[in-house]
Trainee: 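After the structure tokens below, expect a handful of questions from me.
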Amino acid sequence: MFMKQTKVWLTLTIVLSLLALASACGTKTENSGPGENAGPTAKEFAPKGNEGTISGAIAFTGTPPAPKKIATDADPACGQKNPNLVTEDTIVKDGKLANTLVYVKEGTLADGTKIADWSFKTPTEAATLNQDGCHYKPHVSGVMVNQKISITNSDPTQHNIHFTPKNNPDWNQSQPNGAAALTHSFARSEILVPVKCNQHPWMKAYIAVMKHPLFAVSGEDGSFTIKGVPPGTYTVVAWHEGGATGTEKTMQVTVAANGTAKADFSFGEAATASGNPSLQMMPALDVPMLGGH
Ligand SMILES: [Cu+2]
């Protein structure tokens, strides 16, 4: 009886030890794989060569608000350099709307993974934000998390660039005329970060901080193109400023392998009723970076 019990315990111990050894080996193999530099949950996306495109045009229905002339009395240098400075919140040409951010909010790739499951390489080139004629160029833009933004002052006057994010630290720097470029980046995704100038209250810009490169901003002809989209089905959002937090439109888009998917959006009078504020709404894949840089 006593011997029998010992035998059972011995067998159990051996089995458990073997199991422990097996799982330890398994862990070792996973850790030494090619993905070990990726984050704890996100593997770096590698293009397969069958990526497609999402493109379209942003329409503006109804009569667009006329641009308003900006009084630059506060700084004569602005009026001298740019006597025709006007508001830029709604730029419409031939019924097409510029400065609309279009981005992939979430979705599932053809292989069943979610876009949020992947991490994407941060571009090594800096994005640019120029203060030229006492307004920002570009007015709306997007960068990736941790991508550098090179901020330049092309004006014969001092600017004070002030990023006012909600999900990142506030950043506020004065930049005298002739000063070297400033560099800034955002460690967390955020759609979108308002930019203002403490010297010139009319100066406004918006920067989207994205976790992936699947975004674009509509040009003066209202068109946009998002390249390098893995085949799959996505929720695509178009955001335009206006009101307290902007207006967003949403569309489901399926991109075939090597295909081009159309995504045309419409803003303006007829579209306003269905618009909803978005600036405070974080997309599902816009969770802060794990491990924090
Ligand atoms: Cu300024």
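Note that the structure is predicted; figures quoted are calculated from it, not measured. Order of listing sets the numbers, starting from 1, for every ligand and every atom in it.
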Trainee: Closer than 2.8 Å to the Cu ion (ligand 1), which protein N, O or S atoms?
Mentor: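 N, O, S partners closer than 2.8 Å: His159 ND1, Cys197 SG, His200 ND1, Met203 SD.
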Trainee: Can you confirm whether more than 12 heavy atoms, excluding those of Lys69, are under 6.0 Å from its NZ atom?
Mentor: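 Count over threshold, so yes.
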Trainee: Salt bridge check, Asp221 against Lys96: does any charged N sit closer than 4.0 Å to a carboxylate O?
Mentor: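 Salt bridge: no.
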Trainee: Given Phe163, which of Tyr136, Trp171, Tyr206 fulfils the ring-ring contact (aromatic ring centres under 6.0 Å, His included) condition?
Mentor: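 Going through Tyr136, Trp171, Tyr206 one by one, the ring-ring contact (aromatic ring centres under 6.0 Å, His included) with Phe163 is satisfied by Trp171 alone.
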Trainee: I'd like to check the salt bridge (Lys or Arg N to Asp or Glu O under 4.0 Å) partners of Lys262; sequence neighbours left out, ordered by chain and number.
Mentor: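 For Lys262, no residue satisfies salt bridge (Lys or Arg N to Asp or Glu O under 4.0 Å) once neighbours in sequence are set aside.
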Trainee: May I ask you to check whether Thr233 and Thr254 show a side-chain donor-acceptor distance below 3.5 Å?
Mentor: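 There is such a pair (donor and acceptor under 3.5 Å, judged by atom type) between the side chains of Thr233 and Thr254.
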Trainee: Does the Lys NZ or Arg CZ of Lys249 fall within the cation-pi geometry relative to Phe267 - under 6.0 Å from the ring centre and within 45° of the axis?
Mentor: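 Geometry flag: set, cation within 6.0 Å and 45°.
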